[in-house]
Amino acid sequence: MMTQPFVLRWGIISTGRIANCFVTDILVGPETRDVTDVAHKVTAVGSRSVQSAQKFITEYAKDDRSIKAYGSYAGVFADPNVDAVYIGTPHTLHYENALDAIKAKKHVLCEKPVTLNAAELRSLLAAAKEYGVFFMEALWTRFQPLALEVKKISESGVLGAPLALQADLSDDFKLEKIPKTHRILDPALGGGALLDLGPYPLIWAILALYEHPTNQGAAPSNVSGSMLKTPLTGVDRNTSFTVTFAERGLAAQAILSCNLNVSSYQSGVVIRYEKGTITIAAPIYCPKSFTVQYLEGGKVTKEETKRFEYVGNGWHFQADEVARCVRDGKSESSLWGHDKSLVEMNIFDEVRRQGNYKFPPGVEKVI
């Protein structure tokens with residue numbers, strides 16, 4: 001006998017581009033990705049006006065008349081038919097939006113970067129614990145089948161220990177041609193390369209190095225960063241940071257970069273091991289293939305490429321994880337737990353400190 005899947009009822013906070021990517025994907029039938037234990041239903045959408053919420057439902061949620069359109073986020077938080085909320089607002093709003101959701105006893109999936117700094121995140125985690133709700137940063141890449149397979153090979157030992165990793169995510173935003181109030185340029189919106197693009201190179205360092213069993217859960221032993229700021233608004237335009245893991249059994253380094261004025265390049269991520277290399281094809285936020293080279297004496301003895309295809313754009317795997325965790329009464333995911341978001345935000349805080357990039361007064365809600 002088939003057991004019925006657990007259906008998670010979602011409230012959507014914000015009606016921007018990322019929210020439409022998320023909603024479009026969670027409405028793809030789970031059976032297309034061999035998922036039978038969980039399913040998703042959108043029950044409420046919150047925006048600045050009822051009209052924009054309704055427009056979003058019509059365009060991205062199959063014009064489902066059962067979905068409630070709210071002209072405020074508060075309406076979604078108060079809706080008894082909402083189990084979990086997806087927060088897709090600009091990162092300067094994540095803290096207050098997430099805190100309001102937590103206080104309404106809703107489970108939370110909050111877009112990356114989860115907050116502006118580690119202090120805001122620690123405050124949210126304390127609140128989630130107090131109110132007994134699940135909380136996770138929406139680092140969707142970590143849940144994609146390709147990432148799971150890279151982790152499996154990385155930790156199987158066939159390549160030996162990881163030693164050096166390089167990853168980059170860049171995009172030419174044509175900074176001279178966009179308004180200074182654009183989210184990528186405005187310091188009042190947490191603009192700049194590090195917080196917007198930086199989570200993606202870093203997720204691969206966390207997966208391959210921080211999560212590696214020999215690291216034994218140790219935080220980085222050293223973080224070194226450099227920022228080149230745009231004269232337009234003073235946000236970081238080009239940022240490079242090196243993250244070293246050498247506290248316990250692992251001795252490895254990640255060299256990570258993000259830029260707002262050049263394109264990305266192939267290969268997006270290169271992870272070098274004692275006995276081989278894993279090369280991940282760009283775009284690194286949603287790669288569709290990676291290649292493993294096995295080395296002996298510096299020569300390639302075997303090479304294999306793995307490709308991944310699925311219906312949708314890869315945003316639904318994180319939603320499946322949230323549904324399973326909520327169903328099982330968990331407060332955090334074992335794949336992207338609270339510790340990993342804290343490692344991420346502590347690294348970003350340190351890189352901003354070294355780069356002397358301070359947000360305008362009042363932008364950070366907790367310091």
Side-chain angles (χ1 to χ4, degrees), residues 13-19 21 47-48 73 87-100 110-125 137-139 167-203 223-243 256-264 284-285 341-367:
I13 299 302
S14 156
T15 50
R17 186 187 66 83
I18 291 187
C21 291
S47 190
R48 280 168 289 200
Y73 301 152
I87 295 170
T89 50
H91 20 282
T92 41
L93 296 173
H94 287 178
Y95 177 77
E96 54 191 280
N97 295 161
L99 190 59
D100 288 346
C110 183
E111 257 315 326
K112 53 97 217 104
V114 62
T115 49
L116 287 174
N117 63 30
E120 286 187 350
L121 176 57
R122 284 192 294 270
S123 171
L124 287 182
L125 294 177
E137 179 180 21
L139 248 161
D168 172 86
L169 181 63
S170 302
D171 194 6
D172 187 355
F173 282 86
K174 308 278 188 265
L175 298 176
E176 281 73 24
K177 295 179 179 168
I178 59 176
K180 290 179 181 177
T181 50
H182 188 285
R183 65 175 177 83
I184 206 79
L185 274 179
D186 192 347
L189 292 175
L194 182 67
L195 287 190
D196 197 79
L197 303 178
Y200 292 115
L202 182 56
I203 186 333
V223 173
S224 177
S226 178
M227 284 182 163
L228 182 56
K229 295 173 185 160
T230 169
L232 293 169
T233 58
V235 302
D236 63 306
R237 184 184 71 198
N238 311 82
T239 296
S240 301
F241 52 115
T242 304
V243 184
L256 311 171
S257 56
C258 40
N259 305 280
L260 299 180
N261 59 345
V262 292
S263 299
S264 282
I284 69 167
Y285 47 83
S341 291
L342 281 166
V343 165
E344 173 196 12
M345 295 319 301
N346 283 327
I347 289 170
F348 290 166
D349 284 359
E350 179 58 21
V351 174
R352 280 196 306 113
R353 187 190 69 76
Q354 292 179 23
N356 195 31
Y357 175 19
K358 296 183 175 77
F359 298 120
V363 171
E364 293 163 288
K365 304 300 181 281
V366 187
I367 297 175

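Since the structure is predicted, the reported quantities are computational estimates derived from the model, not experimental observations. Side chains included, hydrogens not; waters and symmetry mates left out as well; all remaining heavy atoms used.
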Gap between atom [atom2] of [Y] and atom [atom1] of [X] - 0.5 Å precision:
X	Y	atom1	atom2	value
Leu124	Leu99	CG	CG	6.0 Å
Lys174	Ile184	NZ	CD1	14.0 Å
Ile367	Ser123	CD1	OG	12.5 Å
Tyr357	Asp349	OH	CG	12.5 Å
Asn97	Ile87	CG	CD1	5.5 Å
Leu256	Ile203	CG	CD1	11.5 Å

Check [X] against [Y] and note the closest heavy-atom contact, atom names and distance.
X	Y	value
Ser257	Pro201	O-CG, 3.5 Å
Leu195	Pro113	O-CD, 3.2 Å
Ala118	Leu342	O-CD2, 4.4 Å
Thr92	Lys365	O-NZ, 4.0 Å
Phe348	Pro199	CZ-N, 3.6 Å
Glu344	Leu139	OE1-CD1, 4.0 Å

Arg237/Leu175 under side chain to side chain contact (heavy atoms under 4.5 Å, CB included): CA gap, chis, key distance, verdict: CA-CA 9 Å; Arg237 184 184 71 198; Leu175 298 176; 3.7 Å; yes

What's the verdict on side chain to side chain contact (heavy atoms under 4.5 Å, CB included) for Leu189 and His182, showing C-alpha distance, side-chain angles and the deciding distance? CA-CA 8 Å; Leu189 292 175; His182 188 285; over 6 Å; no

Under 3.5 Å, side chain of [X] to main-chain N/O of [Y], donor-acceptor pair present?
X	Y	result
Glu350	Asn346	no
Asn117	Val366	yes
Gln354	Val223	yes
Lys229	Asn356	yes
Glu120	Tyr95	no
His91	Asp196	no

Side-chain donor-acceptor pair under 3.5 Å between Asn261 and Asp172, yes or no? no

Less than 4.5 Å apart, any side-chain heavy atom of [X] and any of [Y]?
X	Y	answer
Met345	Val114	yes
Thr233	Asp186	no
Thr230	Leu260	no

Cys110 and Glu137: CA distance, side-chain angles, deciding distance, side chain to side chain contact (heavy atoms under 4.5 Å, CB included) verdict: CA-CA 5 Å; Cys110 183; Glu137 179 180 21; 5.9 Å; no

Can you tell whether the side chains of Glu111 and Arg17 come within less than 4.0 Å, N to carboxylate O? no

Inspect the contact between Arg352 and Asp236 and indicate whether a charged nitrogen and a carboxylate oxygen are less than 4.0 angstrom apart. no

Counting neighbours of OH on Tyr285 that are heavy atoms of other residues, nucleotides or ligands and sit closer than 6.0 Å, is the number greater than 12? no

Please identify each residue that fulfils ring pair (Phe, Tyr, Trp, His ring centres under 6.0 Å) with Phe173, with sequence neighbours left out. none

Side chain to side chain contact (heavy atoms under 4.5 Å, CB included) assessment of Leu228 paired with Thr239: CA-CA 6 Å; Leu228 182 56; Thr239 296; over 6 Å; no

